[in-house]
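The structure displayed is predicted, hence computed values, not measured ones.
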Amino acid sequence: MHAFDVLGEPVRRRILELLAEGEQSAGAIGDVIRAEFGITPPAVSQHLKVLRESGFATVRAEGTRRLYSVDAAPLEEAYVWLERFRGFWNQRLDALATELARGKRVRPTDNPERQE
């Protein structure tokens, strides 16, 4: 499965956001996801399975609990793909910075207090 197929699903993105904060139990993840998205426990389990099988998440057993953590390696695929477009972003950000700098300059004719 391509990285964007995994990341394109809002529930899976949210699970990854939770995991980015640190290791989480399946139950804790399920509680948040069910509250935010209103999906069933089996649906949450299916999303966790997709994340595991695609390599975005790892799981370890601790007694009866299953603890999930994010594995950032597959995110590299998305990063590499997006990197091709960085030049477009940089050009626009540079142009924005120029416009912001122009807006900060006060021109004598723009100042209503100054009368010549």
Side-chain angles (χ1 to χ4, degrees):
M1 184 176 281
H2 190 277
F4 286 110
D5 294 329
V6 174
L7 298 172
E9 215 298 319
V11 172
R12 290 193 289 266
R13 282 196 313 271
R14 181 63 177 123
I15 292 171
L16 287 172
E17 289 171 359
L18 293 170
L19 296 178
E21 296 171 7
E23 190 175 61
Q24 304 277 331
S25 71
I29 293 167
D31 290 345
V32 171
I33 297 302
R34 284 192 304 276
E36 291 181 8
F37 292 91
I39 63 176
T40 65
V44 175
S45 294
Q46 189 61 36
H47 285 293
L48 288 169
K49 179 181 177 184
V50 169
L51 290 171
R52 273 192 327 268
E53 290 180 351
S54 62
F56 281 85
T58 59
V59 64
R60 69 179 181 85
E62 186 177 87
T64 59
R65 295 176 9 146
R66 298 293 174 258
L67 299 172
Y68 283 82
S69 58
V70 72
D71 185 344
L75 293 169
E76 182 69 21
E77 180 183 350
Y79 177 81
V80 167
W81 189 85
L82 288 169
E83 187 64 26
R84 292 187 258 177
F85 301 98
R86 183 178 298 278
F88 297 112
W89 299 332
N90 288 343
Q91 288 172 350
R92 291 201 168 107
L93 290 173
D94 289 346
L96 176 61
T98 299
E99 290 302 315
L100 290 172
R102 284 183 187 157
K104 288 181 179 177
R105 283 188 244 139
V106 177
R107 295 183 188 115
T109 58
D110 292 342
N111 189 342
E113 295 177 7
R114 183 176 173 170
Q115 300 287 326
E116 289 188 42

Worksheet entry | Over all atoms of both residues, closest heavy-atom pair of Ala3 and Pro74 |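 Reported closest heavy-atom pair: CB-O, 4.0 Å.
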
Discussion item. Classify the ring geometry of Trp81 against Phe85: parallel below 30°, tilted from 30° to 60°, perpendicular beyond 60°.
Written reply: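 Plane angle between 30° and 60°, so tilted.
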
Item to complete: Report yes or no: do Leu16 and Val59 belong to one cluster of Ile/Leu/Val/Met/Phe/Trp/Tyr joined by side chain heavy-atom distances under 4.5 Å?
Response: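 Same cluster.
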
Item to complete: Evaluate side-chain contact (heavy atoms from CB on, under 4.5 Å) for Phe56 paired with Asp71, printing each intermediate quantity in order.
Response: CA-CA 5 Å; Phe56 281 85; Asp71 185 344; over 6 Å; no

Discussion item. So, applying side chain to side chain contact (heavy atoms under 4.5 Å, CB included) with Gln24, which one of Leu67, Leu19, Ile15 is it?
Written reply: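 The option that passes is Leu19.
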
Practice prompt. Report the distance from atom CG of Leu7 to atom CD of Glu77, rounding to the nearest 0.5 Å.
Written response: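 If we round to the nearest 0.5 Å, Leu7:CG and Glu77:CD are 9.0 Å apart.
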
Side chains of residues 35-53: which donor-acceptor pairs under 3.5 Å do they make with residues two or more places apart or in other chains?
from  : atom 1 : to    : atom 2 : distance (Å)
Glu36 : OE1    : Arg14 : NE     : 2.7
Glu36 : OE2    : Arg14 : NE     : 3.4
Glu36 : OE2    : Arg14 : NH2    : 3.0
Thr40 : OG1    : Ala43 : N      : 3.3
Ser45 : OG     : Pro41 : O      : 3.2
His47 : ND1    : Arg12 : NH1    : 3.4
Arg52 : NH1    : Tyr68 : OH     : 2.6

Discussion item. A side-chain contact here means heavy atoms from C-beta on lying under 4.5 Å apart; do Arg66 and Arg60 qualify?
Written reply: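 No, side chains not in contact.
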
